[in-house]
Amino acid sequence: MQRIDRKSAAAILLPLSWSPVVESATASAPVNIALAKYWGKRDEELHLPVTDSFSVALDHHTTTTVRQAIASDDITLNSIPLPTDSPFYIRCVKFLDLARPSPSFFFSIATTNTVPTAAGLASSASGFAALTLALNTFFGWNLNRQKLSCLARLGSGSACRSVYTGFVRWQKGSSPDGSDSYAIPYDDWWPELNLAILMLSPQEKPISSRQAMRLTVETSPVYALWPEQVVKDTIAIMTGIRERNFPAFGQAVERNALMMHATMFTSTPPVCYWLEKTISSMNMVWQARKQGVELYFTMDAGPNIKLLYLQQDAQSVLSYFPQARAVTLLP
Ligand code: DP6
């Protein structure tokens, strides 16, 4: 297949030339939690996925301010300057290169997160989405949401879903330049749906989701089953939302997360983000379900668990998991 580099992919989205139209620009974007996961790329450079994915937005945000800097890019995360050799600094600068009007133009980026970075709560998604939205204002690009979603994707795949709130579907697209691989909002909402986070470890991940994803695609024999499974799960999730069928929705969400982890366990070398507490919490969810509580979970590339339940079961869920932190979902 024809390969397109990031600069060319960005050039399709951006005007021919640009310069700042304001002194500073600030934007926020929500954390999103995938209910049907993005796991595996057909293009590593442009973050083009093998499958569609589907997410819901949380009332946790990244807020980012963009300014011009004098001599080099400076990036702060929760008021702490990022070392220039840290992986996240390098990723941000690579992304900023796409927006840099000339090689002698530097950025000052101040980012704050309301969730611990790299703890499996997808703060890189909200981070690159907020940065994209702030750059759009800073340079007066006036890009529409579709283009903003494509641009955010070049920072981190899942960031393309964080340019919207509510339920969001990232359609994988088929074009080699990625111009049809962007998120679209799903036109339904489920006010009774609840999510709570079981923070089992705020530690940095042993291996990044990016590396784990690549390793899985390259080595797991189970990965061959993944694309078809995601199609089935995404349909079941969307139908579950439409029909307010919580068991059907929950089963598809939980199966999808477990299947993603199954592809990791079967890669070489194996990847396991789970802690003992992760397994005991999953058992507790299954136990609660046997006892009649409609409770399901999802997990990302990390040990933490996100519980999903309906408002009517909130009390029972919190009695099983008193340490769970309920998070507001953002319509
Ligand atoms: C498990 O979007 O962080 O959270 O595109 O390499 O930056 P890159 O990956 P990233 O992967 C997210 C993986 C996931 C599932 C999901 O959010 O869909």
Side-chain angles (χ1 to χ4, degrees), residues 6 9 29-58 60 62 87-88 90-92 94-95 113 115 117-132 149-164 167-173 178 181-183 195 197 204-218 220 223 226-227 229-230 233-234 237 253-254 256-265 267 271-274 278 297-306:
R6 286 156 58 84
V31 169
N32 76 73
I33 299 288
L35 302 170
K37 311 293 180 187
Y38 148 53
W39 196 247
K41 297 172 194 179
R42 66 173 197 278
D43 185 312
E44 287 281 334
E45 179 151 340
L46 305 184
H47 305 157
L48 298 178
V50 172
T51 67
D52 283 15
S53 57
F54 191 87
S55 64
V56 64
L58 304 190
H60 270 303
T62 296
F88 196 57
I90 294 165
R91 267 176 78 181
C92 286
K94 210 174 146 202
F95 182 71
N113 279 327
V115 284
T117 302
L121 288 176
S123 45
S124 77
S126 51
F128 280 106
L131 179 55
T132 302
S149 177
C150 282
L151 194 56
R153 192 198 69 238
L154 295 174
S156 181
S158 53
C160 79
R161 299 186 307 239
S162 275
V163 303
Y164 293 107
F167 292 121
V168 178
R169 180 177 189 164
W170 173 8
Q171 55 171 36
K172 63 188 170 84
S181 183
Y182 50 79
L195 186 144
I197 294 171
E204 294 272 329
K205 301 174 193 186
I207 162 173
S208 72
S209 54
R210 187 168 288 185
Q211 286 169 290
M213 202 186 277
R214 190 181 305 130
L215 186 68
T216 304
V217 175
E218 284 169 3
S220 168
Y223 194 79
W226 174 250
Q229 190 60 46
V230 179
D233 291 339
T234 308
I237 290 167
V253 169
E254 195 173 290
N256 188 266
L258 289 170
M259 177 80 174
M260 176 179 75
H261 283 271
T263 68
M264 293 185 218
F265 300 151
S267 67
V271 176
C272 180
Y273 288 108
W274 295 0
T278 313
F297 65 81
T298 186
M299 309 163 70
D300 290 295
N304 302 314
I305 287 192
K306 290 103 192 180

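Counting starts at 1 for both ligands and their atoms, in listed order.
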- prompt: What heavy-atom pair brings Ser149 and Cys160 nearest, and what distance separates the two atoms?
  reply: OG-O, 2.9 Å

query: Is it true that a side-chain atom of Arg42 and a backbone atom of Lys172 form a donor plus acceptor pair closer than 3.5 Å?
result: yes

query: N/O to N/O below 3.5 Å, does that happen between Ser158 and ligand 1?
result: yes

- prompt: Atoms of ligand 1 less than 4.0 Å from Gly157 heavy atoms?
  reply: 2 (O), 5 (O), 7 (O), 8 (P)

- request: Could you say whether the N/O atoms of Ser156 and ligand 1 ever approach to under 3.5 Å?
  value: yes

task: Could you tell me if any non-hydrogen atom of Ser53 lies under 4.0 Å from any atom of ligand 1?
output: no

query: At the 4.0 Å heavy-atom cut-off, does Arg153 count as touching ligand 1?
result: no

task: Heavy atoms only: give me the nearest His47-Trp170 pair and the separation to one decimal.
output: O-CZ2, 3.5 Å

- prompt: How long is the gap from CD1 on Ile33 to CG on Leu58, to the nearest 0.5 Å?
  reply: 4.5 Å

- prompt: Which heavy-atom pair separates Val253 from Phe297 by the least distance, and what is that distance?
  reply: CG1-O, 4.1 Å

field: salt_bridge(Lys306, Asp300) N-O dist < 4.0 Å
entry: yes

message: Checking the N or O distance criterion of under 3.5 Å, is ligand 1 in contact with Gly155?
response: no

- prompt: Heavy atom of Ala125 under 4.0 Å from ligand 1?
  reply: no

query: For ligand 1, which atoms have a heavy atom of Arg91 less than 4.0 angstrom away?
result: 7 (O)

- prompt: Between Arg153 and Leu48, is there a donor-acceptor pair closer than 3.5 Å when you use the side chain of the first and the backbone of the second?
  reply: no

statement: Taken to the nearest 0.5 Å, the spacing of Arg214 CZ from Ser267 OG works out to 13.0 Å

message: For His261 and Trp274, take the angle between the two ring planes, folded into 0 to 90°, and tell me which bin it lands in: parallel under 30, tilted 30 to 60, perpendicular over 60.
response: tilted

- prompt: Out of Arg161, Arg210, Met299, whose heavy atom is nearest to atom 17 (O) of ligand 1?
  reply: Arg161

Those atoms of ligand 1 less than 4.0 Å from some heavy atom in Met213: 9 (O), 11 (O), 13 (C)

field: Ligand-side contact atoms (ligand 1) for residue partner Ala34, heavy atom cut-off under 4.0 Å
entry: 16 (C), 17 (O), 18 (O)

query: What atoms of ligand 1 come within less than 4.0 Å of a heavy atom belonging to Lys41?
result: 5 (O), 6 (O), 8 (P)

- line: Here the atoms of ligand 1 under 4.0 Å from any heavy atom belonging to Ala301 are 1 (C)

